[in-house]
**Q** 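Before we start, here is the structure in question, set down as structure tokens.
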Amino acid sequence: MTTQAQTETATESGLNETTLNLIALGAAIGANAERAFRAHQSRLAELGVSNDDMIEAVNMALRVKGDPHSQIMALAQTTLVGESAGGCCGGACACEEAGGQKGDCGDDCDCG
């Protein structure tokens with residue numbers, strides 16, 4: 001990490017302000033909290049934290065946030081559709097059956 005974290009004094013928790021704001025930036029991603037994200041991104045920029053370091057924190061938050069989504073989708077696939085059926089639509093795209101185009105189901109559907 002190329003932040004100025006080494007020159008900051010630690011807070012009562014032992015973490016410096018940069019580290020605390022990077023944690024908060026990731027938490028804002030996890031909570032879908034736009035205002036918090038903007039506030040902590042702004043503060044990190046004031047502290048001299050590079051965009052690359054902020055991107056690293058955001059990517060970590062997205063990996064953490066994505067794991068439960070992947071796990072619940074796998075659970076739904078195996079328990080509701082069955083392992084041998086294809087995709088979230090059970091092999092046939094519900095969009096097409098309703099007169100739509102493949103992929104019209106939305107981002108959560110593997111029909112496309």
Side-chain angles (χ1 to χ4, degrees):
M1 202 163 32
T2 58
T3 64
Q4 296 177 339
Q6 298 80 10
T7 62
E8 294 177 36
T9 58
T11 63
E12 289 180 22
S13 68
L15 299 174
N16 61 39
E17 188 176 1
T18 296
T19 301
L20 290 171
N21 277 278
L22 285 168
I23 292 168
L25 189 72
I29 292 291
N32 296 320
E34 181 180 343
R35 285 179 45 202
F37 175 86
R38 290 182 186 281
H40 291 289
Q41 181 275 326
S42 177
R43 181 63 186 137
L44 286 163
E46 290 172 6
L47 290 168
V49 176
S50 71
N51 278 347
D52 287 343
D53 287 342
M54 287 187 253
I55 289 168
E56 187 176 347
V58 166
N59 285 336
M60 176 62 72
L62 290 171
R63 284 192 299 274
V64 171
K65 184 177 180 177
D67 283 345
H69 175 78
S70 298
Q71 291 169 358
I72 198 68
M73 291 306 294
L75 176 64
Q77 174 70 27
T78 58
T79 59
L80 299 176
V81 179
E83 292 181 24
S84 61
C88 68
C89 297
C93 185
C95 308
E96 289 181 311
E97 293 174 3
Q101 295 293 317
K102 188 174 262 196
D104 286 350
C105 298
D107 294 336
D108 291 335
C109 184
D110 292 330
C111 295

**Q** Find the distance between CG (L47) and CG (N16) and round it off to the nearest 0.5 Å.
**A** 8.5 Å

**Q** Taking all non-hydrogen atoms of both residues, which atom of M54 and which atom of A45 are closest, and how far apart?
**A** CE-N, 4.1 Å

**Q** Please list every donor-acceptor pair under 3.5 Å in which a side-chain atom of residues 57-67 meets a protein atom from a residue at least two apart or in another chain.
**A**
{"unit_1": "N59", "atom_1": "ND2", "unit_2": "I55", "atom_2": "O", "d": "3.4"}
{"unit_1": "K65", "atom_1": "NZ", "unit_2": "I29", "atom_2": "O", "d": "3.1"}
{"unit_1": "K65", "atom_1": "NZ", "unit_2": "N32", "atom_2": "OD1", "d": "2.3"}

**Q** Minimum heavy-atom separation for L25 and Q41, please, with both atom names.
**A** CD1-N, 3.8 Å

**Q** R38: what forms a salt bridge (Lys or Arg N to Asp or Glu O under 4.0 Å) with it, not counting sequence neighbours?
**A** E34

**Q** Quick one: does I72's side chain get under 4.5 Å of L75's, heavy atoms only?
**A** yes

**Q** Looking only at heavy atoms, which two atoms of L15 and I23 are closest? And how far apart?
**A** CD1-CD1, 4.1 Å

